[in-house]
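Worksheet: the structure to be examined is printed underneath.
Heavy atoms only: backbone and side chains are in, while hydrogens, waters and symmetry mates are out. Every chain is numbered from 1 and lettered A, B, ... according to where its sequence line falls, protein lines coming before strand lines.
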There are 2 protein chains.
Amino acid sequence: MAATTPRPRSARRRPRPVGVDTLERLKRLIGDGRYQPGSALPAERELAATLGVSRPSLREALRMLAALGAIETRHGSGTRVSATSAGVLRASFEFLLLLDRPTIDDLLDARGLIEGHLAARAAVLRDDHDLAALDDIVAVMHAHAIDSRAGKDANRRFHQAIAAAARSTVLERFMACLDDGIRACIESGAATADPATSHAAHDAIHAAIVAGDADAARAAVAEHMRLSGINAGSARTRPIGRPR
Amino acid sequence: MAATTPRPRSARRRPRPVGVDTLERLKRLIGDGRYQPGSALPAERELAATLGVSRPSLREALRMLAALGAIETRHGSGTRVSATSAGVLRASFEFLLLLDRPTIDDLLDARGLIEGHLAARAAVLRDDHDLAALDDIVAVMHAHAIDSRAGKDANRRFHQAIAAAARSTVLERFMACLDDGIRACIESGAATADPATSHAAHDAIHAAIVAGDADAARAAVAEHMRLSGINAGSARTRPIGRPR
DNA sequence: CCCGCTTTATAGTCAGACATAATAACAGAT
DNA sequence: ATCTGTTATTATGTCTGACTATAAAGCGGG
């Protein structure tokens, strides 16, 4: 019985809960490609047996992965690894907004910075495929009102296409988060989008990317953010969300 | 009992799992200030009874909140709401790196952009308190080698202090995520920090912020990133992490 | 050939019990 | 009176096992 408690106090580490430990193991399995993006995970009972944990513990791990945006679960059907990493930061960011309540201006400022950089990179790095995609989207935007269903959708895709052409997944994800937050503000009535200047601004950005002019692209985005699209009114420097 | 299944097929929405539903309810309670940051949550059994759900379901919700960085749980002690939102994006971002495997250059590029902006804002917005904090940290940095324990700690606090002075929680969080990722690269040996130029670069940034010169601050950060602190070697344009 | 039923595999949910860790209260020795 | 070791309490950690609800495939009848 001499070695019943062999671990010295200094190196003492708290044993991880099984659920958390299982999360790490699954993370690793997904990261190593054992479970490919878009593919189905084994059934809960089976996976629990494979990993040697109980189903409730496995479910805790799966729920954490779902909260992180890594998997999607459908009752009766099964669980699959998310096909893309596009949703990974979103839930966390939404929560961050809830806790920190930044002002709308802060969100717009951050977005302007990042999207300007993305546009500048896109102007340099874009290939024919990117340009073709942008052309298509701009055409759709011209064909629909900016505040229509199709117009909003094209608007979103326009910004996504720029981010994709810039070849920086990290900033692309950040941008998507900010976009979510700003969109939520607009839809909750805290700010309103002004359709008037949108077409012109988008065209300017588009033209700069086509021309391969990084500085012009950055400037066009800054202009777009500055005069607008967004009228935050009196709430401009107020924390977003409902008051506590 | 006529309204047992009143929902029409068109408005049919999938009922949320109890665990997910409970997550939303807790989010709301935290967001509304019912449970203050840093304060303890009721015990699991009690909270489960209050919310009218079983303990496993509540635990799923709590685990999701923990994965999002919103709460911290300690065996035998209890669960408390995180005192700050500093950890909220981290776990998600770590997972994003695992899935997307950006290059180190991508991380450095993003960090340079954001920190440059933060430094520029800090140069304009800083108050006496910020300047005093920066002075202290710079003094500590000069007193210790950059690769010592205390030096690394001061280095991290220096960047955090700049972010704090810039008054943009959103970008501050983004920066912290990037910092985590870059730090992980350095510690895993994929890149090495070069102590030689660090002091000079930090002093330049510090001086620009003290002088209130936004452009100089941005330029100093760019210089810091460029020549730099980081030697990524052959892995420079390789995806981070171990190969799949 | 198509529609609706049945079957089967899956996630959703709960109840209850026991194990383990952290903390506070208490009794004893110094 | 103070320090220390023990004990009691309360908290989370974990599992077993059963049952329900859903989705999708298979299958039969029209």
Side-chain angles (χ1 to χ4, degrees), chain A residues 1 3-26 35 38-82, chain B residues 1 4-26 35 38-67 69-82:
Chain A
M1 280 283 290
T4 311
T5 310
R7 42 189 173 185
R9 262 235 186 63
S10 58
R12 161 118 184 70
R13 59 180 149 173
R14 232 175 295 170
R16 267 186 307 201
V18 175
V20 178
D21 186 65
T22 304
L23 168 68
E24 294 300 326
R25 292 168 67 191
L26 287 174
Y35 296 120
S39 69
L41 246 48
E44 286 187 358
R45 285 176 174 82
E46 188 185 336
L47 190 53
T50 302
L51 297 175
V53 302
S54 71
R55 201 153 82 97
S57 294
L58 173 67
R59 281 180 61 84
E60 287 182 11
L62 291 179
R63 278 281 138 83
M64 285 190 271
L65 280 172
L68 293 174
I71 62 173
E72 282 151 29
T73 291
R74 270 173 52 196
H75 187 174
S77 174
T79 303
R80 26 186 73 248
V81 182
S82 297
Chain B
M1 283 286 284
T4 311
T5 309
R7 43 187 174 188
R9 261 241 187 61
S10 56
R12 162 117 184 69
R13 59 180 147 176
R14 231 175 295 168
R16 268 186 306 201
V18 176
V20 178
D21 186 63
T22 304
L23 168 68
E24 294 299 326
R25 291 167 69 188
L26 287 174
Y35 297 119
S39 68
L41 247 49
E44 287 187 357
R45 286 177 174 82
E46 188 185 336
L47 190 54
T50 303
L51 297 175
V53 303
S54 70
R55 199 153 84 99
S57 295
L58 173 67
R59 280 180 63 84
E60 287 182 12
L62 291 178
R63 277 282 139 80
M64 284 189 272
L65 280 172
I71 62 174
E72 281 151 30
T73 292
R74 270 173 53 197
H75 187 174
S77 175
T79 303
R80 26 185 73 247
V81 182
S82 298

In sequence, state the C-alpha distance, the side-chain angles, and the governing distance for Leu62(A) and Leu41(A), and then conclude on side chain to side chain contact (heavy atoms under 4.5 Å, CB included).
-> CA-CA 10 Å; Leu62(A) 291 179; Leu41(A) 246 48; 4.0 Å; yes
Apply the test side chain to side chain contact (heavy atoms under 4.5 Å, CB included) to residues Thr22(A) and Met64(A): give CA-CA distance (whole Å), side-chain angles for both, the deciding distance (0.1 Å), then the verdict.
-> CA-CA 10 Å; Thr22(A) 304; Met64(A) 285 190 271; over 6 Å; no
Shortest side-chain distance from Val18(B), nucleotide among dC14(C), dT14(D), dA11(C) | dC14(C)
How long is the gap from CD1 on Ile71(B) to CG on Leu65(B), to the nearest 0.5 Å?
-> 4.5 Å
Rounded interatomic separation in angstrom, taking CD1 from Ile71(A) and P from dA11(C) = 10 Å
Using atom types as modelled and distance alone, determine if a side-chain donor or acceptor of Arg63(A) lies under 3.5 Å from a backbone N or O of Gly19(B).
-> no
Passes side chain to side chain contact (heavy atoms under 4.5 Å, CB included), Leu47(B) versus Tyr35(B)? Steps please.
-> CA-CA 12 Å; Leu47(B) 190 54; Tyr35(B) 297 119; 3.7 Å; yes
Could you state the atom-to-atom distance from CG of Leu62(A) to C1' of dT13(C) in whole Å?
-> 15 Å
Specify the separation, in whole Å, of atom CG of Leu58(A) and atom P of dT10(C).
-> 14 Å
State which of dA21(C), dA22(C), dA15(C) makes the closest approach to the side chain of His75(B).
-> dA21(C)
Between Ser77(A) and Pro56(A), the residue closer to the 5' end of DNA chain C by nearest nucleotide is Ser77(A)
How close or far is atom P of dA23(D) from atom CZ of Arg80(A), stated in whole angstroms?
-> 15 Å
From dT23(C), dT12(D), dT13(C), pick the nucleotide closest to the side chain of Arg74(B)?
-> dT23(C)
Between Gly76(B) and Ser54(A), whichever has its closest DNA chain D nucleotide further toward 5' is Gly76(B)
To the nearest angstrom, how far is Leu47(A) atom CG from dG12(C) atom C1'?
-> 17 Å
Choose from dC15(D), dG12(C), dA22(C) the nucleotide whose nearest atom is closest to any side-chain atom of Arg63(A).
-> dG12(C)
Looking at Arg59(B), does any N or O in its side chain come under 4.0 Å of the phosphate oxygens OP1/OP2 on dG13(D)?
-> yes
Rounded off to whole Å, could you give me the CD-to-P distance for the Glu44(B) and dT14(D) pair?
-> 11 Å
Rounded to whole Å, CZ of Arg55(B) lies from C1' of dC18(C) at a distance of 11 Å
Over how many whole Å does the gap from Leu51(A) atom CG to dC15(D) atom P extend?
-> 12 Å
